[in-house]
Protein chains: 2
Amino acid sequence: MALDHAILVSLLEKPGSGYELARRFERSIGYFWTATHQQIYRVLKRMEADGWVDVRGVPQRTRPDKKEYSVAAAGREALSRWLHDPIEPESVRHDLAVKIRGAAFDDPAALVREVERHQRMHQDRLAHYLAGEARDFGPPAGATGAPGSPVPPDPGRELQHAVLRGGIAYERMMIDWLDDVLATLHRLAPGR
Amino acid sequence: MALDHAILVSLLEKPGSGYELARRFERSIGYFWTATHQQIYRVLKRMEADGWVDVRGVPQRTRPDKKEYSVAAAGREALSRWLHDPIEPESVRHDLAVKIRGAAFDDPAALVREVERHQRMHQDRLAHYLAGEARDFGPPAGATGAPGSPVPPDPGRELQHAVLRGGIAYERMMIDWLDDVLATLHRLAPGR
DNA sequence: TCCTCCTATGCAACTAGTTGCATATACAAG
DNA sequence: CTTGTATATGCAACTAGTTGCATAGGAGGA
């Protein structure tokens, strides 16, 4: 189980409430680990009981009070332990691939719209990633700039960028592959 | 839930026992949908009760008797319904990305071996895919052959090949990205 | 003969994740 | 003054997936 660890990493990057975490899981972290707010609140409660996180009540005037969580020593140790443990490669749950193979026993042409819809979602996500990259990490390396920018490397920033580049590579791969799938589907059902 | 549908597709491609399905989920289908034998037996039992699959006892002399499952009309309809329903894009559970971001709060150099291990697994899987492609789908298009091979297109075969090409593209992308991650890790901890 | 491996099926208990609902504050629009 | 939206937290019930264990026949080797 790595939701615990994903939350710990996120809280180390920046402490926050369950609600704020839930919103982060709709963007940045959520792109490689999904979680709903119900799940997050439940895990926070358990981690609090285990002493992995500290809570601090934050009264707010303009909105409901919140609880700000931050990582405690025990949580840092638990994360470190997990980081040093080997993990299995991701377990895949790729519905679309099942559908594509299933289309052989149904109408392949009917799948075209679904594949196009998925491709659009991946294109949107790619655009979103690229905008985020331009905003947070400046223009892509090698584009402009004086020789050797003197910015000192920040490990957190560098690693976040590396993960984001992974997301970008994934979306590009998916868009290309879905082009391939669409070509295959059209070849099988030339009409339409 | 799509394990039901993944099983239905697999049984449509070829009827088989729970044990055989479990082994298929360690190879072909398993590359985009994981399942253990316990889960498969349980789902088969439920689908049998719902009339989605038919069972046929197959006595065997040299090994324990087995139950061969095949898709019933109701199962075909259920699959068709699912194929026509829009689905959400895959929910991602990418432990390694969490680890990479987490490495900023631990020792980045310690992650190098883990990343290399994952890269090797992806290289192995890529080699396995390419071998399977060469075996089942012949040499890659455009390599040789007389103009216009007269083989009639088989939808099932074509779509299986398209999914396999997706797996190949995925593994290549991962290998390249992990190269990128390794370069980043080395940049952050040059000495080791 | 015993031991291990492969085939073959399954239960029980647990953990993780999803879905649906409930509550409450504050602000803005109508 | 009601309605809608955003913030903020949570319970309960359900579904899906994992882990550990159990059983059993036949093949092949020590």
Side-chain angles (χ1 to χ4, degrees), chain A residues 1-8 15-27 29-30 32-50 53 55-69 78 82 87-95 98, chain B residues 1-8 15-27 29-30 32-50 53 55-69 78 82 87-95 98:
Chain A
M1 162 200 32
L3 176 56
D4 300 38
H5 307 107
I7 288 176
L8 288 173
S17 67
Y19 188 81
E20 283 160 357
L21 280 168
R23 291 208 303 175
R24 289 184 213 171
F25 274 84
E26 286 167 7
R27 339 177 251 99
I29 323 181
F32 46 86
W33 201 278
T34 52
T36 59
H37 80 268
Q38 291 91 336
Q39 218 184 324
I40 290 165
Y41 282 120
R42 200 196 295 158
V43 170
L44 281 173
K45 182 147 285 196
R46 196 189 62 226
M47 291 203 294
E48 188 195 338
D50 294 346
V53 291
V55 203
R56 190 172 65 92
V58 178
Q60 299 187 117
R61 268 171 311 169
T62 87
R63 32 187 92 168
D65 298 352
K66 67 175 180 180
K67 300 183 188 172
E68 194 180 75
Y69 290 88
W82 178 72
I87 46 167
E88 289 310 296
E90 338 73 65
S91 61
V92 188
R93 297 281 136 97
H94 205 134
D95 301 69
V98 178
Chain B
M1 166 199 29
L3 176 55
D4 300 38
H5 307 107
I7 289 176
L8 289 174
S17 68
Y19 188 82
E20 283 160 357
L21 281 169
R23 291 208 303 176
R24 290 185 211 171
F25 274 85
E26 286 166 8
R27 338 177 253 97
I29 322 183
F32 47 86
W33 201 279
T34 52
T36 58
H37 80 267
Q38 291 90 337
Q39 220 183 324
I40 290 165
Y41 282 120
R42 199 196 296 157
V43 170
L44 281 174
K45 183 146 287 200
R46 196 188 62 229
M47 291 203 295
E48 188 194 339
D50 293 347
V53 291
V55 203
R56 191 172 66 92
V58 179
Q60 300 186 116
R61 268 171 310 168
T62 87
R63 28 187 97 167
D65 298 352
K66 66 175 180 179
K67 299 182 189 173
E68 195 181 73
Y69 290 88
W82 179 71
I87 48 168
E88 288 310 297
E90 339 72 67
S91 63
V92 188
R93 295 282 137 97
H94 205 135
D95 300 70
V98 177

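Residue numbers start from 1 in every chain, and the chains themselves are labelled A, B, ... in the order their sequence lines are given, proteins ahead of strands.
Residues meeting the ring-ring contact (aromatic ring centres under 6.0 Å, His included) test with B/F25, sequence neighbours left out: none. A/E68 pairs by the salt bridge (charged side-chain N to carboxylate O under 4.0 Å, His left out) definition with A/R56, not counting sequence neighbours. By the salt bridge (charged side-chain N to carboxylate O under 4.0 Å, His left out) test, B/D95 pairs with no residue at all, sequence neighbours left out.
Between A/I40 atom CD1 and A/R23 atom CZ the span is 12.0 Å, to the nearest 0.5 Å. Here CD of B/Q39 is found 8.0 Å from CD1 of B/I7. Values are rounded to the nearest 0.5 Å. Rounding to the nearest 0.5 Å gives a distance of 13.0 Å between CE of A/M47 and CZ of A/R42.
For B/E88, the CD atom counts as loosely surrounded, since its 6.0 Å shell holds 12 or fewer non-hydrogen atoms of other residues, nucleotides or ligands.
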Between the protein and nucleotides 23-29 of chain D, list the N/O to N/O atom pairs that are separated by less than 3.5 angstrom.
residue : atom : partner : partner atom : Å
D/dG26  : O3'  : B/T62   : O            : 3.4

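For DNA chain C, the contact window with chain B, defined by any atom under 4.0 Å from a protein heavy atom, covers C/dT7 to C/dT18 in 5' to 3' order.
Across the interface with DNA chain D, nearest-nucleotide mapping of A/Q38 and B/H37 shows A/Q38 to be the residue nearer the 5′ end. Remark on DNA chain C: of its neighbouring residues A/A2 and A/Q60, the 5'-side contact belongs to A/A2, judged by nearest-heavy-atom nucleotide.
Two residues are said to be in side-chain contact when any heavy atoms from C-beta on lie closer than 4.5 Å; A/V55 and A/L44 fail this criterion.
At a threshold of 4.0 angstrom between heavy atoms, the contacts of B/S17 are confined to the sugar-phosphate backbone, with no base atom among them.
A/R93 contributes a side-chain N or O that, together with a main-chain N or O of B/T34, makes up a donor-acceptor pair within less than 3.5 Å.
Non-hydrogen atoms lying under 4.0 Å from DNA chain D are contributed by nothing in residues 19-26 of chain B.
Checked options A/K66, A/R27, A/K67; the residue passing with A/E20 is A/K66 (criterion: salt bridge (Lys or Arg N to Asp or Glu O under 4.0 Å)).
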